[in-house]
Amino acid sequence: MAMHEKYEPQVLEKKWQQTWEARGTFRLGRAGPRGKKYVLEMLPYPSGKMHMGHVRNYLLGDVYARYFRMKGFDVVHPMGWDAFGLPAENAAIKDGVHPATRTAENIASFKAEIKTLGYSYDWDLEVNTSDPSYYRWNQWFFLKMLEKGLVYRRFSRVNWCTGCLTVIANEQVKDGVCERCESKVMDKEMPEWAFRITNYSQVLLDALDGLTEWPDRITAAQRNWIGRSDGVEADFALEGSKEKVRIFTTRVDTIYGCTYVVLAPDHRAVASITSAAQKAAVDAFVAKMAARSKTERTEEGAEKEGVFTGAYALNPFNGERVPVWVANFVLSDYGTGAVMSVPAHDARDYDFAKKYGLPIKTVIHPSAKGPFEGEGAYTEDGVLVASGPWSGQPSAQARKDMGAWLLKEGLGKPTVTWRQKDWGFSRQRYWGTPIPIVYCERCDPERKGLPVPYEQLPVVLPDIETDKVLTGKGEPPLAKVASWVNTTCPKCSGPARREAETMDTFVDSCWYFARYLSPKFEGAPFDPELARKYLPVDIYVGGPEHATMHLLYFRFWTRVMKELGLCPVDEPVTRLITQGIVNGPDGRKMSKRWGNVVAPSSIVQKYGADTARGYVLFAGPPERDFDWNDKAMEGVSRFLQRVWTLAATHEAACVGATHDGAYEGKALEIRRHAHKALKRVTEAIERLSFNTAIAGIMEYVNALYLVKEVSTSAEKAAMGEAIRTLAVVLVPFTPHFANELAEVYGAKQPLEESEWPAFDPALVVDDVIPYAVQVLGKLRAEILVPAAATEAEVRAAAEAEPKIIAALGGKPVKKFVFVPKRLVNFVV
RNA sequence: GGGCAGGUGGCGUAACUGGUAGCCGCGCCAGACUUAGGAUCUGGUUCCCCAAAGGAGUGGGGGUUCGAGUCCCCCCCUGCCCACCA
């Protein structure tokens with residue numbers, strides 16, 4: 001078959017996509033002499049169109065999936081849809097289209113577009129989280145976790161929009177008002193369902209050490225988020241009262257410097273301890289703080305404010321009497337909601353003390369030599385002073401001893417506090433997994449909720465009249481669907497009501513990677529046997545913005561799945577790759593607002609998927625951001641055209657050419673280029689350096705271009721081999737193009753069904769090697785030396801070089817440094 | 001305030017365990033082929049110097065080494081994420 005003059009991606013890409021599909025090239029279980037590889041990319045929320053971030057994300061996985069398949073691994077490479085969630089519901093509120101309809105349309109168009117890029121997915125594994133066959137298992141997990149005590153109902157403070165009459169996420173609060181309706185947002189105590197993820201805080205923290213193939217930024221973010229801090233709790237008795245205030249501190253060594261105690265505005269004790277004289281001021285302050293949302297109250301730069309309660313507390317160590325204040329900077333949901341303030345040794349306490357004229361008492365010196373002489377608070381460790389019997393001790397020692405003393409005296413104890421909170425997962429939304437709970441007034445007067453029996457799962461979302469139910473106002477949408485919400489009690493069969501809230505969509509993404517292995521499995525969330533065979537995920541690619549949400553939740557969930565006997569591993573993912581952002585050509589984040597969006601579809605249409613793929617991979621290292629550059633992208637298009645021309649030029653002479661004898665001269669050079677390219681690309685892929693892999697291929701093509709003519713049978717055979725090798729190294733990056741090339745040069749099946757060849761070690765070394773010759777570390781000459789030359793021979797050659805003779809100037813050589821195959825250095 | 005990336009030509013980047021700094025691409029310059037070229041091919045392109053010879057050079061300053069973009073110490077800058085967390 002003769003090649004067309006011009007490379008026409010539109011025709012050829014469709015052809016190969018159809019070929020792969022028809023042959024089932026990417027089906028699971030096809031190959032596998034070397035074992036399995038599970039390559040996964042974070043599943044997308046199906047918006048109507050792909051953006052460049054998606055393209056890049058899936059490409060990084062696709063390169064590995066194709067490479068590993070050719071290396072002989074049984075590769076799992078699935079794709080699915082994170083189909084529940086707010087955008088579809090908000091769109092429904094706006095235009096009345098049912099979320100299910102909108103979602104189905106979006107999936108269809110997203111899927112059609114994703115297919116134009118030629119990713120190597122096994123579409124038989126596709127999963128849709130909004131399908132009852134999927135979310136029934138969310139409900140199943142919920143019930144299992146309820147049994148294990150890992151799900152509970154609690155009262156919690158949430159952002160309550162006074163206009164929409166619903167809970168909204170922190171991200172939706174802008175400057176204290178709702179971003180949608182611009183009404184005031186308040187804190188509200190509401191019942192909600194929560195997972196007891198904090199039971200696993202220590203385990204999740206410890207296991208981070210084992211995640212050696214995760215980026216540091218992600219494990220660091222999780223460590224930070226879990227936020228273990230070791231300290232003590234200590235009781236301050238209240239003067240003239242039987243009550244006491246328990247504080248938490250990590251710096252008990254500074255306690256002799258405590259000059260006041262501060263409670264959070266919503267601390268339980270505030271009302272009871274406030275003196276009559278201070279009541280009006282305290283009430284006003286507490287009310288003012290309650291009217292602000294949590295985000296507003298803790299916003300950066302928020303002024304520290306507080307009022308005196310009129311009460312006094314007694315320091316457990318020395319009995320010193322200190323005033324008790326209420327202030328906005330203390331959080332009720334961290335530690336004990338009360339702190340001891342040591343302005344001399346804490347920056348925040350210092351600011352507050354300065355503002356309200358509270359005393360500052362130094363109890364730590366940087367060393368035994370004397371006091372801190374800088375401005376503000378001294379917050380480092382040091383040596384205790386003015387601290388009774390503890391004076392003279394170093395901070396670390398004092399913390400240990402003082403904690404033990406508190407425990408012995410019954411005044412407190414060493415303790416650990418965590419920043420991480422339990423995961424509240426109920427949402428007042430329609431488009432999510434119904435929580436399988438019913439409320440029966442007779443069997444459950446306290447409204448704790450009765451679990452729906454397993455055999456009644458799934459609790460399916462009711463169909464609704466969209467414009468009546470999804471109004472964005474009033475009670476949760478499902479509560480308005482009388483035919484659904486009214487049900488019978490599983491215990492007494494009397495009238496009961498269903499829980500009208502749905503689950504956070506992060507639940508869906510906690511276990512989808514396991515579901516992919518057996519998406520139609522009926523008896524359990526997934527087939528445990530396949531899980532044993534294919535888990536954990538070997539490579540997981542996604543954005544770093546999920547560091548402390550999804551990537552933490554699914555680690556938690558995996559632990560639970562293991563305890564349930566479903567899953568063989570403790571951790572879901574061995575190697576995590578977090579890809580950088582593709583910015584617009586102007587260097588700003590792509591956004592309609594800036595008009596700098598480059599749509600993948602337009603690039604695919606104009607230049608073809610292979611150009612888009614090649615460019616996105618060539619633009620820079622996977623983990624780094626880059627700015628889109630049309631010119632550079634066109635460079636990749638030009639490169640592919642150039643390869644095409646090269647292959648067409650040699651087609652007549654080299655396709656099918658063979659040669660039996662030895663290769664030498666030009667023919668040998670061609671073979672050397674091929675094997676060096678193979679080596680370079682293979683090694684670059686292995687170390688996630690796709691941009692340099694492509695640079696290597698370009699260099700290879702440049703070298704083949706310089707060959708110009710092939711005439712002998714050896715040259716023809718070598719060039720034929722070289723172009724087939726070129727096709728192979730291109731497959732992971734520009735698969736349609738590569739397959740077309742291979743087919744013209746005689747391949748009978750898609751390259752992905754063939755083997756990734758090994759390079760010949762004998763062909764990647766040259767027989768003449770350039771040595772750099774340095775004198776005193778400065779480059780003075782370059783000499784060509786046979787590869788087999790000994791140190792003495794190289795030295796002799798170097799010393800014979802005129803420039804070196806001049807540079808040495810007859811001075812005696814004190815030392816001769818010899819680096820084989822690289823350089824020599826004369827030290828004089 | 002904390003954490004994590006980064007800082008190398010005009011630009012995106014490259015340099016495996018310390019060993020010739022700048023691969024590859026973009027841009028630019030020159031030449032070839034051309035009626036033409038915003039096509040294609042070839043060559044050049046860190047800076048200083050007309051050129052050569054030579055010198056300087058990987059954010060700044062020190063250090064270790066025969067030799068440092070790479071290792072150690074101090075400092076500066078940029079980006080991202082988290083943050084009144086006691």
Side-chain angles (χ1 to χ4, degrees), chain A residues 215-221 223-225 227 229 231 247-252 254 262 264 297-304 327-331 333-342 345-349 351-352 379 417-420 544-545 547-548 578 580-581 587 614-615 618-621 623-636 638-639 641-642 645 680 683-684 687 689 691-702 705-706 708 770-782 803 813-828:
Chain A
D216 287 347
R217 62 190 298 209
I218 303 297
T219 48
R223 221 167 252 125
N224 213 354
W225 186 264
S229 71
I247 60 98
F248 172 74
T249 180
T250 54
R251 289 298 303 274
V252 67
T254 65
V262 189
R297 201 170 55 236
T298 58
E299 225 163 62
E300 189 186 359
E303 180 74 3
K304 289 177 188 30
N328 61 343
F329 69 86
V330 177
L331 309 173
D333 58 357
Y334 183 79
T336 58
V339 300
M340 67 167 195
S341 283
V342 185
H345 305 296
D346 181 278
R348 204 185 30 212
D349 295 345
D351 292 346
F352 193 81
T379 59
T417 294
W418 304 86
R419 220 189 70 102
Q420 184 179 35
E545 67 276 12
T548 54
T578 49
I581 296 168
Y615 169 60
F618 182 59
E623 310 223 312
R624 208 180 297 177
D625 296 352
F626 74 87
D627 301 343
W628 184 269
N629 179 337
D630 277 314
K631 292 280 192 185
M633 189 235 5
E634 281 167 17
V636 172
R638 202 148 54 219
F639 163 71
Q641 184 59 58
R642 199 167 138 83
T645 306
R680 182 163 168 188
E683 289 173 354
R687 64 190 158 84
S689 187
N691 52 330
T692 63
I694 293 171
I697 299 173
M698 289 173 168
E699 208 178 338
Y700 175 42
V701 170
N702 290 342
Y705 251 85
L706 293 179
K708 293 212 168 72
Y771 270 82
V773 184
Q774 298 180 336
V775 175
L776 278 172
K778 277 198 185 296
L779 181 69
R780 292 297 172 192
E782 192 174 282
K803 280 185 183 170
V813 176
K814 274 193 276 188
K815 189 173 171 188
F816 178 71
V817 180
F818 177 70
V819 183
K821 297 190 181 3
R822 288 199 178 271
L823 61 70
V824 295
N825 187 12
F826 293 94
V827 185
V828 294

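Since we're looking at a predicted model, the values are computed, not measured. Hydrogens, waters and symmetry mates play no part in the numbers below; they use all other heavy atoms, side chains included. Lettering follows sequence order; numbering is per chain, from 1.
B/rG19 atom C1' lies 17 Å from atom CZ of A/Arg780, rounded to whole Å. Across the protein-nucleic acid pair, A/Phe248 atom CZ and B/rC85 atom C1' stand 9 Å apart, rounded to whole Å. Residue A/Asp349 contributes atom CG, which lies 12 Å from atom P of B/rA86 at whole-angstrom precision. Rounded to whole angstrom, the span from the CZ atom of A/Arg348 across to the P atom of B/rA86 amounts to 8 Å. Rounded to an integer number of Å, the gap from A/Phe618 CZ to B/rC26 C1' is 9 Å. If you take CG of A/Leu823 and P of B/rG18, they are 14 Å apart, rounded to a whole angstrom. As rounded to whole Å, 11 Å separates atom C1' of B/rG54 from atom NZ of A/Lys803. The distance between atom CZ of A/Phe626 and atom P of B/rC11, rounded to the nearest whole Å, is 19 Å.
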Q) In dot-bracket notation, what is the pairing pattern of RNA chain B, taking Watson-Crick (N1-N3 plus N6-O4 or O6-N4) and G-U wobble (N1-O2 and O6-N3) contacts under 3.5 Å, with [ ] crossing and | for other strands? A) (((((((..(((......[....)))((((((.......))))))(((.....)))..(((((..]....))))))))))))....

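Listed by chain and residue number, A/Phe826 satisfy the ring pair (Phe, Tyr, Trp, His ring centres under 6.0 Å) test with A/Phe816 (two or more places apart in sequence, or in another chain). Residues meeting the ring pair (Phe, Tyr, Trp, His ring centres under 6.0 Å) test with A/Trp628, sequence neighbours left out: A/Tyr615.
B/rG22 sits 15 Å from B/rC26 when the C1' atoms are compared, rounded to a whole Å. Separation of the P atoms belonging to B/rC24 and B/rA68 is 26 Å when rounded to the nearest angstrom. A distance of about 14 Å separates the P atoms of B/rU8 and B/rU78, rounded to the whole Å. Going from the P atom of B/rC28 to that of B/rG19 covers 35 Å, rounded to whole Å. Annotation: B/rG25 and B/rG79 have their C1' atoms spaced 24 Å apart (nearest Å). Nucleotides B/rG18 and B/rU65 have their C1' atoms positioned 9 Å apart, rounded to a whole Å. Spacing between B/rC47 and B/rC29 at atom P, rounded to whole Å, works out to 15 Å. Nucleotides B/rU20 and B/rG69 place their C1' atoms 14 Å apart, quoted to the nearest Å.
Residue A/Asn691 has its side chain nearest to B/rA14 when only B/rG12, B/rA14, B/rA56 are considered. Considering only the side chain of A/Ala695, B/rC24 comes nearest among B/rG19, B/rC24, B/rA86. Checking B/rC24, B/rG19, B/rG55 against every side-chain atom of A/Arg822, the shortest atom distance belongs to B/rG19. With B/rC66, B/rA86, B/rU20 as the candidates, the nucleotide lying closest to the side chain of A/Val817 is B/rC66. Here B/rU20 is the nucleotide among B/rA86, B/rC84, B/rU20 with the atom lying nearest to any side-chain atom of A/Glu782. Of the listed nucleotides (B/rA86, B/rG12, B/rC4), B/rC4 has the atom at the smallest distance from the side chain of A/Asp216.
Heavy-atom minimum distance, A/Ile247 versus A/Val339: CG2-C, 3.7 Å. Listed here is the closest heavy atom pair of A/Val330 and A/Val262: CG2-CG1, 3.6 Å. Taking every heavy atom of both residues into account, A/Trp418 and A/Tyr334 meet most closely at O-CE1, 3.7 Å.
With its glycosidic angle more than 90° from 0, B/rG57 is assigned anti.
Contact annotation: the side chain of A/Asp349 never approaches that of A/Met340 to less than 4.5 Å [non-hydrogen atoms, C-beta and beyond]. Inter-residue side-chain proximity for A/Gln420 and A/Thr548 is flagged as unmet; no heavy-atom pair is nearer than 4.5 Å.
Note that A/Arg348 lies outside the cation-pi zone of A/Phe329, set by a 6.0 Å cut-off to the ring centre and a 45° limit from the axis.
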Check: protein-nucleotides 80-82 of chain B nitrogen or oxygen pairs below 3.5 Å:
none

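Along RNA chain B, the nucleotide closest to A/Phe826 and the one closest to A/Ile694 are compared, and the more 5′ of them pairs with A/Ile694. The residue among A/Leu779 and A/Asn825 whose nearest nucleotide of RNA chain B is located toward the 5' end is A/Leu779.
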Q: Would you sort out whether A/Tyr700 and A/Arg680 count as a side-chain contact (heavy atoms from CB on, under 4.5 Å), showing the intermediate values?
A: CA-CA 10 Å; A/Tyr700 175 42; A/Arg680 182 163 168 188; over 6 Å; no

Q: Take A/Val817 and A/Val824, measure what side-chain contact (heavy atoms from CB on, under 4.5 Å) needs, and give me the verdict at the end.
A: CA-CA 5 Å; A/Val817 180; A/Val824 295; over 6 Å; no

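A/Tyr334 comes within contact range of at least one nucleobase, with a heavy-atom separation under 4.0 Å. A/Gly227 comes within 4.0 angstrom of nothing in the nucleic acid, heavy atoms only. Counting any heavy atom pair closer than 4.0 Å across all strands shown, A/Val827 reaches sugar-phosphate atoms only and no base atom.
With hydrogens and angles ignored, the 3.5 Å screen pairs no side-chain donor or acceptor of A/Arg217 with any backbone N or O of A/Ala547. The backbone N or O of A/Lys821 lies less than 3.5 Å from a partner atom in the side chain of A/Tyr771, making a donor-acceptor pair.
Taking only side-chain nitrogens and oxygens, A/Arg624 never comes nearer than 4.0 Å to OP1 or OP2 of B/rG7. One finds a side-chain N or O of A/Lys778 lying less than 4.0 angstrom from the OP1 or OP2 phosphate oxygen of B/rA56.
Using modelled atom types, one finds no donor on one side chain facing an acceptor on the other under 3.5 Å when comparing A/Asn224 with A/Arg419.
Within residues 770-777 of chain A, the residues that place at least one heavy atom under 4.0 Å from RNA chain B are, in residue-number order, A/Pro770, A/Ala772, A/Gln774.
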Q: For each nucleotide in nucleotides 39-46 of chain B, reading 5' to 3', give B when a protein heavy atom comes within less than 4.0 Å of its base, S when such contact involves only the sugar-phosphate, and - otherwise.
A: -SSSS---

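Contact annotation: side chain of A/Lys815 to base of B/rC66, donor-acceptor pair absent below 3.5 Å.
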